[in-house]
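If you're wondering where the values come from, they're calculated on a predicted model, not measured in any experiment. Chain naming here is simple, since letters A, B, ... match the order of the sequence lines and numbering starts at 1 in each.
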Amino acid sequence: MDNAEVASALAEVADLLELSGENPFKARAYRRVAEVVDRLGEPLEEHERSGRLRELPGIGERIAKTIGELLHTGTCAERDRLLRMVPAGLPELLRLEGVGPQTAATVWRELRIADVESLEKAARDGRLALLPRLGAQRAKAILQAVERRRKRAGRMPVATAYVHAQSLLARLRRVPGVVLAEACGSLRRRCETVGDLDLLVAARDAAPVVRAFVSMPGVTAVRAEGPTRCAVRLRDGLSADLRVVAPESAGAALHYFTGSRSHNIAVRLRALRRGFKLNEYGVFDREGRRVSGAEETDVFEAAGLSWSDPELREDAGEVEAARSGTLPRLVRDEDLQGDLHVHSDASSDGRSTLEEIVREAARLGRRYVAITDHSRSRPLGLDAEALARHAKTVRAFDTQGGPRLLAGVEVDIRSDGTLDLPAPLLASLDWVVASIHTRLQDPRGALTLRVIRAIRSGVVDVIGHPTGRRIGYRDASDLDLERVLEEAARAGVALEVNAQPDRMDLNDRSCRLAAQAGVMLVVSSDAHVAAHLSNLRCGVWSARRGWLEARHVLNTRDADELLERRAHRMAHARPEPAEQPSLF
DNA sequence: GCCGTTTTCGGCCCGACTGTTTTCAGTCG
C-alpha cells in the first residue's frame, strides 16, 4: 500500500469507529494520523523500515502496528473487527451533507440501510422522516444532498476559487461599516483545490453584511442564516460561507477560519498549556478575560509562536518551526525576475506574438522571458531548421527596453528518453525545457528512465511539468520522484513548478522534497497566450506551500546568472553513458 | 488511541446553526 491508500484505510477505521459508537477520541486519533499520512511527503514504508513511524505526530504503539499491517497485508485487524459490526457501505453515507455518524448509525439500526440508493428511497417514501431526531425537513435536506452529489459539484482549482472570492469580497467591502473582508480556509492557504469559499468580514454591525451577502447576485439558495454566520449556494453548485465578527476579534477569527483544522488544534493546545483559551473571538485568560485578538499575531503570541504564512498551516512542521524561530522566508511573487517557459505563435498551440508577450511581461515587471516553443514531435512544432531560425528572430527582437528575451525551446522527451532535436542545436540555445507529452501512462520504470535520460543529456536546464497531471482530468504519471531528484541534484538540472492552474506540477509536497534533495526549482507560467503570463502566481502558491524560499527558485536570479550556470553545467556535464542507466 | 513546560492518568478545540424537541442532540467548519 502507498501513503494515500494507508491514509484512506485509516480514515475508514475512523469512520467505522464513529459509526460503531465506540470511544469518539479513538476515532479522532485514527483520523488525525490519516491526515498526517496523507500529507507526508516521503514513503511511509521507509519510516517503517527504519523504525521511525512513531516519530510522526499522533502515532503510538497501536497505530504503528496497524500501519505495519496495512503496508504488508493491505488490511488490518482493527478494520476487520469493525467491519464485522458495521456494514462496509455505511461510511459512504457520511460523505452526504447533513448525515453524520449518529444519523448513519440510526438509519442502519432502524432501517438496515447502508448505501446511498436505499437512503434516497427511504427519504422519498417517508420512512426516514419517522426516525428519532429526524423529520420531514431533514429528510428533504438529505435528499437534496444525494442529488447534489450525483451532479458532482466537487472541488475547483484554487485559481478559479480565487477569482470567485475576489468578486464576492469586493461587494462585501462596499457594505458600510465593513473594516475587513478576507477569504480564509483552504483558499487562503492556497491549497490546490478548494471546496467551499470561506469568507470573513469584520464589522461592528453584522446584520447589514449578512443581508447584503444573501441577496448578492449569483446566490441560488441560502443554506443557513443566523445573526453572524450564513452559508449560501452559488451558481455552478459552489458554496460560500460567511462569518461576521467584531473588529476586535478580526485577527483571532482570521486565524481560526484559515485553519487548517489540525494546525488550529496544535496552536490551541499550545496556548492552553500557557494559560490562554483561543476561539474565533480572541485570546482569553484562565478567568475568561479577553486579552487580545484584533491581530492575527495575537493568537500566535499567546501560543508562544511567531506568525506563520497561511500556506504553511498544515501542522506539517510549521508549529515547531514557529516555536524555534526557524520558519522559512517563503518565496514571493515579487522575487521572481523572469518567466522561463512561454510559448509564442511560432509553433503549435501558442497564440501570442513576441510583441504581445513582451508587452504583457513588461506590464508584469518581468526582467526576462524565455521563449520556449514546442519541438517537432508536437503538431506544428519546430524542427531543427525552424528552431534555429526562430532563435535568431527571438535574439534579434527589439523589446524597446522591455524584458530580455532568451531563445529557448520546450523539447519533447521521446518514449526512449532521447530528445527530439539534435544536442548541438539544443546546446546553442539560452534555455532548454524538456517535457514528456506522450505515453504518460508508461510504467514507473520506463517513465522514470525517460526523465533520467533527459536529465543526463547535458543540454537540458529543467524538466517541464514533471508528473504530467491535470487536476480533475488526468492523474500524475507514475514517476519515481526520489530517483529523479537524485539524478537532478547530481546533474544540476532543475525541476519545473508549472503554474498552469490545472497543472500545479510539481505540487507542494514534491516541491518540499525537491528542495530537501538539493534540487533547484523553476516556477514557470507555461503561458500559451500573453494573458496567461500572470498565472505565474499559481506556481508561487505551490512553491510556498512546499516551503520554498527564493534561494530554491532559479528564476529569482537574473538572466546573466542563469546563462552562466547553464554554460558551467554544460562544460562539466558527463556525457550520457553508452549503456542505458539501470533502475534496479 | 495518544500524550505530557501543572499530567504516565485523565484529559482530548470549540462555537454557530438547524431541526427536533420542549431543553438539546447532531452536524458542520
Side-chain angles (χ1 to χ4, degrees), chain A residues 10 13-14 17-18 21-34 36 53-67 76 78 82 93-107 128-142 145 184-187 194-200 206 210 222-232 239-245 249 252-253 255-284 286 288 299 303-304 315 323:
Chain A
L10 292 171
V13 170
L17 281 165
E18 283 186 342
E22 290 187 33
N23 181 359
F25 297 108
K26 183 172 165 184
R28 193 184 296 178
Y30 275 92
R31 175 104 42 219
R32 172 159 184 237
V33 176
V36 166
L53 267 184
R54 297 194 52 181
E55 288 171 19
L56 296 170
I59 299 188
E61 192 187 338
R62 286 286 318 157
I63 295 188
K65 190 162 162 274
T66 300
I67 289 177
C76 61
E78 184 67 354
L82 288 162
L93 300 189
L94 300 176
R95 310 281 96 81
L96 294 168
E97 191 175 348
V99 179
Q102 298 304 323
T103 306
T106 304
V107 154
L128 200 56
L130 297 176
L131 296 180
R133 298 212 70 86
L134 275 102
Q137 303 238 49
R138 289 198 62 200
K140 190 176 153 210
I142 289 170
C184 299
S186 49
L187 174 54
V194 172
D196 296 346
L197 301 180
D198 290 305
L199 307 179
L200 173 72
V210 171
V222 178
R223 292 158 53 215
E225 184 178 354
T228 65
R229 186 185 159 220
C230 61
V232 301
S239 292
D241 290 3
L242 171 73
R243 283 294 292 262
V244 187
V245 298
S249 297
H255 179 261
Y256 184 88
F257 294 116
T258 296
S260 63
R261 194 177 314 213
S262 40
H263 166 91
N264 283 0
I265 289 172
V267 171
R268 195 176 296 234
L269 279 173
R270 278 192 61 88
L272 217 50
R273 280 186 223 120
R274 293 164 55 93
F276 297 108
K277 193 171 84 95
L278 298 181
N279 59 30
E280 59 263 57
Y281 299 109
V283 178
F284 299 85
R286 280 185 227 277
V299 173
D315 196 19
R323 190 195 60 77

Can you sort out the partners of A:Gln137 under side-chain contact (heavy atoms from CB on, under 4.5 Å), two or more places apart, ordered by chain and number? none
Please encode protein proximity along nucleotides 22-29 of chain B as a string of B, S and -, counting only heavy-atom distances under 4.0 Å. --BBSSSB
Once you apply a heavy-atom cut-off of 4.0 Å, does A:Ala136 come out as touching a base, just sugar-phosphate, or nothing? sugar-phosphate
Base, sugar-phosphate alone, or nothing: which one does A:Leu17 contact when heavy atoms must sit under 4.0 Å apart? nothing
In whole Å, what is the span from the CZ atom of A:Arg32 to the C1' atom of B:dC2? 8 Å
What is the distance, to the nearest angstrom, from the CZ atom on A:Arg268 to the P atom on B:dC13? 9 Å
Heavy-atom nearest pair, A:Pro227 first then A:Ala206, reads O-CB, 3.5 Å
Just jot down the salt bridge (charged side-chain N to carboxylate O under 4.0 Å, His left out) partners of A:Arg323, sequence neighbours excluded, or say none. A:Glu320
What interatomic distance, in whole Å, is found between C1' of B:dT8 and the corresponding atom of B:dG1? 15 Å
Any A:Asn264 side-chain N or O less than 4.0 Å from OP1/OP2 of B:dC13: no
Interatomic distance, A:Glu225 CD vs B:dC17 P [rounded to whole Å]: 10 Å
In whole angstrom, give the distance that lies between atom CD1 of A:Ile63 and atom C1' of B:dC3. 12 Å
Nearest-angstrom distance from the residue atom CD of A:Gln137 to P of B:dT18: 11 Å
Sorted by position of nearest nucleotide on DNA chain B, 5' first, the leading residue of A:Pro57 and A:Pro132 is A:Pro57
Would you please test A:Glu78 and A:Tyr30 for side chain to side chain contact (heavy atoms under 4.5 Å, CB included) and show each step? CA-CA 11 Å; A:Glu78 184 67 354; A:Tyr30 275 92; 3.8 Å; yes
Give me the distance, rounded to whole Å, that separates B:dT7 from B:dA25 when you measure between the C1' atoms they each carry. 32 Å
Whole-Å distance, A:Arg54 CZ to B:dC2 C1', equals 9 Å
Measuring to OP1 and OP2 of B:dA16, would you say a side-chain N or O of A:Tyr281 lies under 4.0 angstrom away? yes
Look at A:Arg223 together with A:Asp241 and state whether they make a salt bridge at an N to O cut-off of under 4.0 Å. yes
Provide the distance between the two P atoms, one in B:dT23 and one in B:dC28, to the nearest whole Å. 25 Å
A side-chain contact here means heavy atoms from C-beta on lying under 4.5 Å apart; do A:Leu17 and A:Leu82 qualify? yes
Rounded to whole Å, CG of A:Leu56 lies from C1' of B:dC2 at a distance of 14 Å
For B:dT21 versus B:dG15, give the span between their P atoms, rounded off to a whole number of Å. 26 Å
Minimum-distance nucleotide (side-chain atoms of A:Pro227 versus B:dC13, B:dG1, B:dC17): B:dC17
Sequence neighbours left out, what passes salt bridge (charged side-chain N to carboxylate O under 4.0 Å, His left out) with A:Glu22? Give chain and number order. A:Lys26, A:Arg81
When rounded to the nearest Å, what value does the distance between P atoms of B:dT20 and B:dC14 take? 29 Å
Find the partner of B:dT8: check Watson-Crick (N1-N3 plus N6-O4 or O6-N4) and G-U wobble (N1-O2, O6-N3) distances, both under 3.5 Å, and reply none if neither fits. none
The nucleotide from B:dC17, B:dG1, B:dC13 with an atom nearest the side chain of A:Ile265 is B:dC13
Protein-nucleic acid N or O pairs under 3.5 Å, nucleotides 4-8 of chain B:
residue	atom	partner	partner atom	Å
B:dT6	OP1	A:Arg273	O	3.2

Below 4.0 angstrom from OP1 or OP2 of B:dT18, is there any side-chain N or O of A:Lys140? no
How long is the straight-line distance from CG of A:Leu272 back to CG of A:Leu278, given to the nearest 0.5 Å? 8.0 Å
For A:Phe25 and B:dC9, give me the distance from atom CZ to atom P, rounded to whole Å. 19 Å
Distance between the C1' atoms of B:dT18 and B:dC3, in whole angstroms? 35 Å
Quantified in whole Å, what is the P atom distance between nucleotide B:dG4 and nucleotide B:dC17? 35 Å
Counting C-beta onward and ignoring hydrogens, is there a side-chain heavy-atom pair between A:Asp198 and A:Arg243 closer than 4.5 Å? no
Could you tell me whether the side chain of A:Arg32 and the main chain of A:Pro57 form a donor-acceptor pair under 3.5 Å? no
Syn or anti for B:dT7, taking syn as within 90° of 0? syn
With A:Lys65, which residues qualify under side-chain contact (heavy atoms from CB on, under 4.5 Å), at least two apart? A:Arg62, A:Glu69
First encountered from the 5' end of DNA chain B, between A:Thr228 and A:Leu131: A:Thr228
Whole-Å P distance, B:dG10 and B:dG19: 41 Å
